[in-house]
Number of protein chains: 2
Amino acid sequence: MTSTRDRLVDSTRELLWDRGYVGTSPKAIQELSGAGQGSMYHHFAGKRELALAAIERTAEELRDNAERELSAPGTAVARITAYLRRERDALRGCPIGRLTQDPDILADPALRRPVDETFDWLRERLAAVLTEGRTRGEFDGDLDANDIASAIVATAQGGYVLARAAGDPAQFHRAVDGVIALLKARTKTVAQ
Amino acid sequence: MTSTRDRLVDSTRELLWDRGYVGTSPKAIQELSGAGQGSMYHHFAGKRELALAAIERTAEELRDNAERELSAPGTAVARITAYLRRERDALRGCPIGRLTQDPDILADPALRRPVDETFDWLRERLAAVLTEGRTRGEFDGDLDANDIASAIVATAQGGYVLARAAGDPAQFHRAVDGVIALLKARTKTVAQ
DNA sequence: GTCTATATAAGGATAGAC
DNA sequence: GTCTATCCTTATATAGAC
């Protein structure tokens, strides 16, 4: 059903997620995808081209998933809470954030771009949701949407770090609960 | 002045910080330290033993630096702010947090322990500072010190991710400013 | 499109002389 | 303690047949 090409890209995505760029070998990609060596080099020029396709696809998917939560109906805080509490494998971490630890990725503009753009988009999207909430009068006083949006994205990314260090997904959720509690304290105490 | 052994450990610390465990080769360690191959294997059994010494040393240093800010005089928020705003090379990231992206480190209990313990300590230390602040009456209402401490550590760790993705240290500071703003909003509005 | 053969370099270490 | 020689494996391809 799926083409060899697709299986190569999907396998690369999995391996990049778990082992990063430097930790992912062509041989491992071939084994996971079930494609032979000649086949792999027929479809892609090499590891770099494969990684590029894999990263672009992963970035697209992350964005789509985030947009689903963030564009749902509800208050700003409810949507951000839903986004942060969405079910996930916290121990596996973020497939995009992970790539920022790979010097070879950061050094290559093409490989780096989807990473950069994903976080840029996410930060702006969260800031827009916060601004919308403020316009609607959800929050008390003023609120720097850009800084808080950054803090929210960072809390999630750092939550993965804490979870992986401890080997315990609860550490992710604890961090997320912390930032949600801080954010909720800024909402007007009208309803519960 | 410094022993060959120390130069080997220091070089390994630098390389682990920048390239991670899988990205650090014995050859690179030898070149950076100026030690020969025989010399390296005389002092250490191999890459793993070198990494162990390097990670333990880095963890110790991180802890000492954090303790310096967190045990200073001042309010809880002032100390946490000083900790988060301490001068740093945000683009380089956290030398301990970085290791959580290395499957080989997480899979090895000895290599992983200092990483786990560092974050455990840091989270508890921040929670203690927050609890102390609450006892002193710095904060309005209640406040879940553990969750907020987690969120603070996570914001810093995630701030590095954002900074590295963008190639811009300002992204780290933006996230940090966001969480500080949220935290400050919880202080009693007595003084500024 | 896929397979097998071959190739160069690097990773990670051991052996033994000095 | 340090150096050089040697070793086996993996990384990352290229070449050419089918």
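Letters A, B, ... are given to chains in the order of the sequence lines, protein chains preceding strands, and every chain is numbered from 1.
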Atom-to-atom span, [atom1] of [X] to [atom2] of [N] - whole angstrom:
| X | N | atom1 | atom2 | value |
| --- | --- | --- | --- | --- |
| M40(A) | dA11(D) | CE | P | 12 Å |
| F44(B) | dT14(C) | CZ | P | 15 Å |
| R19(B) | dG11(C) | CZ | C1' | 13 Å |
| I29(A) | dA11(D) | CD1 | P | 11 Å |
| K27(A) | dT9(D) | NZ | P | 12 Å |
| Q30(B) | dG1(D) | CD | P | 18 Å |

Can you name the closest pair of heavy atoms from A145(A) and T131(A) and give their distance?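 Shortest heavy-atom separation between A145(A) and T131(A) comes out as CB-OG1, 3.5 Å.
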
Qualifying residue for salt bridge (charged side-chain N to carboxylate O under 4.0 Å, His left out) with R79(A), from E67(A), E138(A), E69(A), E132(A):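 That would be E132(A).
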
Touch class at under 4.0 angstrom, heavy-atom based, for G38(B) against every strand present: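 Base, at least one base heavy atom under 4.0 Å.
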
What nucleic acid atoms does S3(B) come within less than 4.0 Å of, heavy atoms only: base, sugar-phosphate, or nothing?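 Contact class for S3(B): none.
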
Where the side chain of [X] is defined as all heavy atoms beyond and including C-beta, which of [options] is the nearest nucleotide?
| X | options | result |
| --- | --- | --- |
| Q37(A) | dT14(D), dA11(D), dA13(C) | dT14(D) |
| H42(A) | dT2(D), dG11(C), dT2(C) | dT2(C) |
| T4(B) | dG11(C), dT2(D), dA11(D) | dT2(D) |
| Y41(B) | dG11(C), dT14(C), dA13(D) | dT14(C) |

Do Y21(A) and R98(A) meet the criterion of a side-chain donor-acceptor pair at a distance under 3.5 Å?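 Absent: no donor and acceptor within the cut-off.
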
Charged tip of R92(A) within 45° of W17(A) ring normal and under 6.0 Å: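 Yes, R92(A) lies over the aromatic ring of W17(A).
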
Report yes if at least one side-chain N or O of K47(B) is closer than 4.0 Å to OP1 or OP2 of dG12(C); otherwise report no.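 Result: yes.
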
Is H43(A) close enough to dT2(C) that one of its side-chain N or O atoms is under 4.0 Å from OP1 or OP2 there?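 Yes, because at least one side-chain N or O of H43(A) sits under 4.0 Å from OP1 or OP2 of dT2(C).
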
Could you tell me if the side chain of R19(B) sits less than 4.5 Å from the side chain of D104(A), heavy atoms only?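 When only atoms from C-beta onward are counted, R19(B) and D104(A) do touch, with a gap below 4.5 Å.
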
Where each residue is assigned the nucleotide of DNA chain D containing its nearest heavy atom, which of V22(A) and S39(B) is assigned the position nearer the 5′ end?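 Residue closer to the 5' terminus by nearest nucleotide: S39(B).
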
